[in-house]
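Let me begin by presenting the structure, written as structure tokens, before commenting on it.
Convention: sequence-line order gives letters A, B, ...; per-chain numbering from 1.
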There are 2 protein chains.
Amino acid sequence: MLPTEKIIHFLQQKVEVTTEEAAVFGEAFQAKIFRKKQLAIQPTFTAKYRYYVVKGALRSFIMDHKGEENTIALAIEDWWITDYNSYIYQQPATLFVEAISNSTVLQLSYENEQKLKAANPKFETFFRIIAERGLASQQRRLIANLTQSAEERYENFAKLYPQFVNEIPQYIIASYLGMSTEFLSKILNHKLNCKS
Amino acid sequence: MLPTEKIIHFLQQKVEVTTEEAAVFGEAFQAKIFRKKQLAIQPTFTAKYRYYVVKGALRSFIMDHKGEENTIALAIEDWWITDYNSYIYQQPATLFVEAISNSTVLQLSYENEQKLKAANPKFETFFRIIAERGLASQQRRLIANLTQSAEERYENFAKLYPQFVNEIPQYIIASYLGMSTEFLSKILNHKLNCKS
DNA sequence: GCTAAAAAATGAACTAGCTTAAGAAATAAA
DNA sequence: TTTATTTCTTAAGCTAGTTCATTTTTTAGC
């Protein structure tokens, strides 16, 4: 499936649109390839785009005062990613957005998004829906972080996103789950020993 | 200012509307009073409403397996609160939403919200904007939780929301910041000693 | 297939923050 | 004013998770 076909398909799952409307929507996006470790967004620069992942995986992370990377979000096929604080308010970013593996994305510029929303209320509805779902999913993540132990967080993550477990480096998963690499390693190997 | 005037004012800050449109919007809401500790939303029941706080303060929290309350969100004048996972998908709630002090809110039912959005794209835009802002603010919170120590989290919270510090019980702040009451107490008193 | 680099594992020493428990203060109720 | 309830403080012991230093394994480039 072509990138543009993919996003049109995604759009159609959320709102009902005519063929012409779908075409207008698709034309607002631009296909782009990021190689592993390449940065899409960097702190101090304003996030000009939001990204829809066609293939591969990206993540956003913040670097703390100790130089540690804290993964804020992960995105695979059919997910969206950007630094929302930067993109929405068009202010300098605080996050990095980086390709975890070689990836194909569709980028939507802030200006194009405004044009889409102004042109057709259906697109406004679309962006409202994805923002709301993002909000709900962030709420779930916050709850997990506040209420579960490191081991429980990993267990649930692995159950919820099995596709990540084998496809992305462990140190990224650890940082997404808010624990050190070493500790995640300990959890994993401890589990193996106890099972056998 | 009357409750309905307040929310119309809030609406006008986000989107341009005519007097009639504003009136239609205001009519979708219903004023309601919650007394301190009263519950607006409870687990297992579906969240029928989202709440706009006119006066007072509310919070949402989840109870973990140990019976500890983990505060997910706080809301004061001009803020919104609900269990988004429950409200958006109309599924059973997992959170409590409780009044911290005697409060006046405007409640918007799920049905009324759908009607508003269907009736006028400007309302669709309005809800898109508040969802996006919620998303950005959740992102900020997640970053704070992942990158800062308990003491730093409190420092920043106090700077960002001074109005909360004296107005809501310490144990709620502690649970919002993801630490025990005792530990927050230690931080506060330790700070006093070091300053003098 | 070899080499260099990146990622994962291991273990020991350490610490931030939690738990428990008991008392003091503050607030509300009567 | 007294009593009851809720909130806050203090301190000691504990544990989940970190840090650091080293080794092993995997991956990627040539």
Within this structure, what is the [atom1]-to-[atom2] distance between [X] and [N], rounded to whole angstrom?
X: A:Ile187; N: C:dT10; atom1: CD1; atom2: C1'; answer: 15 Å
X: A:Asn189; N: D:dG17; atom1: CG; atom2: P; answer: 17 Å
X: A:Lys36; N: C:dA5; atom1: NZ; atom2: P; answer: 15 Å
X: A:Leu177; N: D:dA16; atom1: CG; atom2: P; answer: 18 Å
X: B:Leu184; N: C:dT19; atom1: CG; atom2: P; answer: 15 Å
X: B:Met179; N: D:dA16; atom1: CE; atom2: C1'; answer: 17 Å
X: B:Lys186; N: D:dC14; atom1: NZ; atom2: C1'; answer: 12 Å
X: B:Glu151; N: C:dC18; atom1: CD; atom2: P; answer: 13 Å

Go through [options] for me and flag the one nearest to the [X] side chain.
X: A:Ser185; options: D:dG17, D:dT9, C:dA9; result: C:dA9
X: B:Gln170; options: D:dT9, C:dG17, C:dA8; result: D:dT9
X: B:Lys66; options: C:dA9, C:dA8, C:dT19; result: C:dT19
X: B:Ser180; options: D:dT18, C:dA8, C:dT19; result: C:dT19

* To do: Using heavy atoms to find the nearest nucleotide of DNA chain D for A:Glu182 and B:Glu182 separately, return the residue whose nucleotide is more 5′.
  =>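 That would be B:Glu182.
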* Kindly calculate the angle separating the two end axes of the helix from C:dG1-D:dC30 to C:dA30-D:dT1, each obtained from five base pairs, and round it to 10 degrees. => 60°
Using distance alone, with no hydrogens and no angle criterion, decide if [X] and [Y] have a side-chain donor and acceptor under 3.5 Å apart.
X: B:Gln90; Y: B:Thr46; result: no
X: B:Tyr87; Y: B:Glu113; result: yes
X: B:Gln148; Y: B:Asn156; result: yes

* To do: Validate the cation-pi geometry between A:Arg141 and A:Tyr176: distance from NZ or CZ to the six-membered ring centre under 6.0 Å, angle to the ring axis within 45°.
  =>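 Judged by the rule, A:Arg141 and A:Tyr176 form a cation-pi pair.
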* Six-ring centre of A:Phe10, A:Lys14 cation under 6.0 angstrom, axis tolerance 45° -> yes
* Carefully, step by step, assess B:Lys115 and B:Glu111 under the rule salt bridge (charged side-chain N to carboxylate O under 4.0 Å, His left out). => CA-CA 6 Å; B:Lys115 280 184 203 156; B:Glu111 293 79 38; over 6 Å; no
* Give the intermediate values and the outcome of ring-ring contact (aromatic ring centres under 6.0 Å, His included) for residues A:Trp80 and A:Tyr49. => CA-CA 11 Å; A:Trp80 296 78; A:Tyr49 304 98; over 10 Å; no
* To do: Take B:Ala150 and A:Ile172, find for each the nucleotide of DNA chain C with the closest heavy atom, and name the residue whose nucleotide sits nearer the 5' end.
  =>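 So the residue in question is A:Ile172.
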* Asked: Think A:Lys37 has a side-chain N or O under 4.0 angstrom from the OP1 or OP2 of C:dA7?
  ->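 Yes, within the criterion.
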* To do: Would you indicate what A:Thr181 reaches in the nucleic acid, counting non-hydrogen atoms under 4.0 angstrom: base, sugar-phosphate, or nothing?
  => nothing
* Tell me what A:Phe183 touches on the nucleic acid: a base, only sugar-phosphate, or nothing, going by heavy atoms under 4.0 Å. => base
